[in-house]
Amino acid sequence: MNSTAAPIPFGRSMLREHRHVCAFFSSAVEEYDALLPFICDGINCGQRAFHVLPTQHREDHLKRLRNAGIDVENTMKSRQLEVALPEDTYLKAGRFNQDAMLALVQETLKDGTALGFPLTRMIAHAEVVLDDWKSGNEFVEYEMRLNEFLPNYDDPVICTYDANLLTAPFAVDILRTHPVVIVGNILIENSFFTSPQDFIREVRSRTGPSQSYRA
């Protein structure tokens with residue numbers, strides 16, 4: 001369990017035992033105010049950064065990292081920094097498949113160790129998978145299932161969301177799948193976190209488009 005791992009500064013607090021985090025941001029400024037110190041701290045500590053974000057945001061993301069003082073070219077060459085796109089991850093099979101993505105997350109964390117990095121800090125945007133209610137339900141089940149194995153790793157996994165693209169039902173479901181959350185750029189323990197078994201049973205009982213996930 002992560003209880004023996006060194007705390008990691010994040011969101012004006014510390015990541016301790018629980019390291020599966022959801023973070024809702026209403027603007028790029030708000031998002032990078034929270035994430036850039038966390039990213040730079042990891043790079044400066046010799047840890048690996050693995051980021052997943054929509055294709056159209058890649059160049060802006062790299063520019064922001066450069067402006068923060070990160071040597072993007074050299075860190076990418078050494079694989080200390082990797083920036084993946086949805087088609088390389090969430091949509092690798094053409095559509096979202098939770099089993100494939102669960103395997104990919106574990107593979108990514110193990111790769112960091114194999115490459116010699118003490119820790120991988122994973123940050124991922126995933127709104128691209130929310131094409132319909134079925135993919136939304138499958139995705140929130142995936143988010144909950146991450147809790148089955150992430151406690152076996154010290155690596156933090158930060159799931160970031162553009163709040164402008166989400167409906168209230170989806171935001172609530174995402175909250176229920178993460179033990180810690182960023183609210184107002186502050187990291188807090190999540191009182192909405194739900195028992196994985198109960199949550200997955202509930203999601204699998206949904207038989208129709210009773211809720212919309214995309215705003």
Legend entry - Closest non-hydrogen atom pair between Ala5 and Arg19, with its separation: CB-NH2, 3.5 Å

Legend entry - Residue pair Thr89 / Leu104, side-chain heavy-atom distance below 4.5 Å: yes

Legend entry - Aromatic ring proximity, centroids under 6.0 angstrom, His61 and Tyr32: yes

Inset, instruction - Please answer whether the main-chain N or O of Phe117 pairs with a side-chain N or O of Gln47 as donor and acceptor at a distance below 3.5 Å. - result: no

Inset, instruction - Taking the side chain as every heavy atom from C-beta outward, state whether Val21 and Cys159 have any pair of such atoms under 4.5 Å apart. - result: no

Inset, instruction - On the 0 to 90° scale, with breaks at 30° and 60°, tag the His178-Tyr161 ring pair as parallel, tilted or perpendicular. - result: perpendicular

Legend entry - Tyr142 vs Val105 side-chain heavy atoms within contact, under 4.5 Å: yes

Inset, instruction - For Gly184 and Arg12, work out which heavy atoms get closest and say how close. - result: O-NH2, 4.3 Å

Legend entry - Path from Leu166 to Phe199 over hydrophobic side-chain contacts below 4.5 Å: yes

Inset, instruction - Give a yes or no on whether a salt bridge exists between Glu82 and Arg48, defined as a side-chain N under 4.0 angstrom from a carboxylate O. - result: yes

Legend entry - Any Leu62 side-chain heavy atom under 4.5 Å of Val72 side chain: yes

Inset, instruction - Ignoring hydrogens and angles, tell me if any N or O in the side chain of Asp155 forms a donor-acceptor pair with the backbone of Thr120 under 3.5 Å. - result: yes

Inset, instruction - Could you check if a side-chain atom of Ile188 sits within less than 4.5 angstrom of a side-chain atom of Ser13, using non-hydrogen atoms only? - result: no

Inset, instruction - Find out whether Phe25 and Asn185 are in side-chain contact, i.e. whether some heavy atom of one side chain is under 4.5 Å from a heavy atom of the other. - result: yes

Inset, instruction - Give a yes or no answer on whether the side chain of Asn44 reaches the backbone of Cys40 with a donor-acceptor pair at less than 3.5 Å. - result: yes

Inset, instruction - Flag this pair as yes if the NZ/CZ of Arg121 is under 6.0 angstrom from the six-membered ring centre of Phe38 and inside a 45 degree cone about the axis; otherwise no. - result: yes

Inset, instruction - Would you mind checking if Asp60 and Arg64 are paired as a salt bridge, meaning a charged N to carboxylate O distance below 4.0 Å? - result: yes

Legend entry - Asn164 side-chain N/O to Ser26 backbone N/O, donor-acceptor pair under 3.5 Å: yes

Legend entry - Non-hydrogen atoms of Pro86 and Leu53 that approach each other most closely: CD-O, 3.3 Å

Inset, instruction - Step through the shown structure and confirm whether more than 12 heavy atoms of other residues, nucleotides or ligands are within 6.0 Å of CZ on Phe192. - result: no

Inset, instruction - Write down the atom of Gln80, the atom of Ile43, and the distance for their closest heavy-atom approach. - result: NE2-O, 3.1 Å

Inset, instruction - Determine whether Ile182 and Glu31 make a side-chain contact, defined as any pair of heavy atoms from C-beta on separated by less than 4.5 Å. - result: no

Inset, instruction - For the residue pair Asn97 and Tyr90, establish whether any side-chain heavy-atom pair is separated by less than 4.5 Å. - result: no

Legend entry - Short side-chain to backbone donor-acceptor contact, Thr177 and Glu143, under 3.5 Å: no

Legend entry - Within the 6.0 Å centroid threshold, strictly below: Phe96 and Phe139: yes

Legend entry - Candidate list Arg176, Met144, Glu141, test side chain to side chain contact (heavy atoms under 4.5 Å, CB included), partner Val203, passing option: Glu141

Inset, instruction - Keeping the roles fixed (side chain from His51, backbone from Ile123), state whether a donor-acceptor pair exists under 3.5 Å. - result: no

Inset, instruction - Say whether Ser195 and Gln197, considering side chains only, have a donor N or O and an acceptor N or O under 3.5 Å apart. - result: yes

Legend entry - Cluster link Val180 to Leu146, ILVMFWY, side chain under 4.5 Å: no

Legend entry - Glu189 with Arg16: basic N within carboxylate O range, under 4.0 Å: no

